[in-house]
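Here's the structure we're looking at; comments come further down.
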2 protein chains.
Amino acid sequence: MDTPPQPHTTGPAPAPGPRGAAFLLAQIGAHAAARFAERVGQLGLVPADVGLLRMIATQPGRSQRALAEDLGVVPSRVVTLIDHLEGKGLVERRRSAADRRNHELHLTAEGTRTLGAVSRAAAAHEDALLAALDPEQRSHLSGLLARIATEQGLTPGVHPGYRNRAPA
Amino acid sequence: MDTPPQPHTTGPAPAPGPRGAAFLLAQIGAHAAARFAERVGQLGLVPADVGLLRMIATQPGRSQRALAEDLGVVPSRVVTLIDHLEGKGLVERRRSAADRRNHELHLTAEGTRTLGAVSRAAAAHEDALLAALDPEQRSHLSGLLARIATEQGLTPGVHPGYRNRAPA
DNA sequence: TATTGTTATACTCTATAACTATA
DNA sequence: TATAGTTATAGAGTATAACAATA
């Protein structure tokens, strides 16, 4: 019994798919990442740049190898990322005196200023993304998300978007 | 007064960066998407395939052009995606009798079975992702996320990962 | 010989544009 | 002439592997 070709009276697509929290997390997460990318894009940066700037600010003098390790990316990719930041005058490579194979990474003064602008953009982003929630709800949400992140073994402050290598 | 090169007594990287809910959403969202990709990968699918299968199941007979419109991607990309699904025997292209330029898209019997397996994988994924929360907390989280999704104008069931075209 | 950083190469993904067949 | 789908081409992004400098 094959159904004859009935014309579809349904107009626009109804809710097609999943309704669970996992899907909402992935959907909102991708949306949040895209909106954040727009904001930092106005500062001439891509999201990956932001993570690197923060890591270098937190631990100045790290080697590129160490950064690659922490981010879970291949060292050659760090070369490209740092090239970009150095080209914009935000980061400096300094040959290590102790081991001249290493490059110690440091923010320039402009790098520090840019990182401040990024922080302001991030605050505005947060506020826009959570516009639907009042302060109490926001705090509740943060608590639930923090539990998930911890239980899932996510490294605080490191976005998984870096690692395109096998996760384990 | 320039600071002399002090050795860093800090060992492993401390929490470098952001702590807000927006970052947690992006971080957990990317993590969730990656874990889901692993699960459907065991069924021979990529996440984009899953969205297409669901859309075709919901509205059989749609044209590729209509799908491209809804997903926010260029029509040529739909060709590639459907090629993959048709090659795996999950989807059928049928020339429309009314307008022979159109391809009506339908799931095969195996496509329907595969979609069932995807649903089971999605349920397992949801459970694993939210392992840190009890049922009441999960429900509360879903409510908060649904509010955000609605306020941000996200289309229910459509993951933003499809559209690489300008968002507006 | 091992390690840091760099460069060269290849591969994947996707959008743009040209093309065909239908209308 | 316009539209649905396809194919061809080109560009961006990134991993792999070869390489140079230093240890």
Side-chain angles (χ1 to χ4, degrees), chain A residues 8 30 33-34 37 40-41 44-52 55-56 59 61-87 91-106 159-168, chain B residues 30 33-34 37 41 45-49 51-52 55-56 59 61-87 91-106 159-168:
Chain A
H8 304 289
V40 298
L45 302 175
V46 296
D49 293 335
V50 173
L52 281 193
M55 290 191 118
I56 296 169
Q59 296 197 337
R62 310 282 300 293
S63 72
Q64 299 183 192
R65 177 73 59 170
L67 249 65
E69 185 72 21
D70 282 10
L71 293 172
V73 299
V74 76
S76 66
R77 193 178 169 194
V78 177
V79 174
T80 308
L81 290 165
I82 299 294
D83 279 351
H84 182 219
L85 293 174
E86 195 175 38
V91 164
E92 253 184 13
R93 286 173 164 108
R94 300 184 199 158
R95 278 285 174 200
S96 164
D99 183 340
R100 291 183 43 74
R101 291 174 303 181
N102 278 288
H103 274 156
E104 296 176 351
L105 300 175
H106 296 268
H159 193 284
Y162 286 98
R163 30 183 175 317
N164 293 13
R165 295 200 300 190
Chain B
L45 302 174
V46 297
D49 293 334
L52 281 193
M55 288 191 122
I56 296 170
Q59 297 197 337
R62 309 283 299 293
S63 71
Q64 299 183 192
R65 178 74 57 170
L67 250 65
E69 185 72 20
D70 282 9
L71 293 171
V73 299
V74 76
S76 66
R77 193 179 169 193
V78 177
V79 174
T80 308
L81 290 165
I82 299 294
D83 279 352
H84 182 218
L85 293 174
E86 197 176 36
V91 165
E92 253 184 14
R93 286 172 163 109
R94 299 184 199 158
R95 278 284 172 203
S96 165
D99 184 339
R100 292 183 43 74
R101 291 174 302 182
N102 278 288
H103 274 158
E104 296 176 349
L105 300 175
H106 296 269
H159 193 286
Y162 286 98
R163 31 183 177 314
N164 294 11
R165 295 200 300 190

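Naming convention: chains lettered A, B, ... in sequence-line order (proteins, then strands); numbering from 1 in each chain.
- In terms of heavy-atom proximity, B/Arg95 sits nearest to B/Arg100 at NH1-O, 2.9 Å.
- Minimum atom distance to the side chain of A/Arg77 is reached by D/dA15, of the listed D/dA15, D/dG5, C/dT4.
- Side-chain contact between B/Asp70 and B/Arg62: present, with at least one pair of heavy atoms (C-beta onward) separated by less than 4.5 Å.
- Distance A/Leu81 CG to D/dA15 C1': 13 Å, rounded to the nearest Å.
- Summarising the geometry, the separation between CD on A/Gln64 and C1' on C/dT7 is reported as 13 Å, rounded to the nearest angstrom.
- Rounded to an integer number of Å, the gap from B/Leu67 CG to D/dT3 P is 20 Å.
- Atom pair B/Leu105:CG and D/dA4:P shows a separation of 14 Å (rounding to whole Å applied).
- Residues B/Leu52 and B/Leu105 form no side-chain contact, since every pair of their non-hydrogen atoms from C-beta on lies 4.5 Å or further apart.
- Whole-Å rounding puts the A/Asp83 CG to C/dG5 P distance at 13 Å.
- Atom CD in B/Glu86 sits about 13 Å away from atom P in D/dG5, given to the nearest Å.
- In terms of position on DNA chain C, the residue among A/Thr80 and A/Asn102 whose nearest nucleotide sits closer to the 5' end is A/Asn102.
- Remark: P of C/dA21 and NE2 of B/His103 are 13 Å apart, rounded to the nearest angstrom.
- For the atom pair CG (A/Leu85) and CZ (A/Arg93), the distance works out to 9.5 Å, reported to the nearest 0.5 Å.
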Does the protein touch nucleotides 17-23 of chain D at the base, only the backbone, or not at all? Give it as B, S and - per nucleotide, heavy atoms under 4.0 Å.
B----BS

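- Residue B/Arg65 has no polar side-chain atom (N or O) positioned under 4.0 Å from OP1 or OP2 of C/dT22.
- The two residues B/Pro75 and B/Ala68 come nearest to each other via the heavy atoms CA-CB, 3.9 Å.
- Summarising the geometry, atom CG belonging to B/Leu81 is positioned 8.0 Å from atom CG belonging to B/Leu71; distances are rounded to the nearest 0.5 Å.
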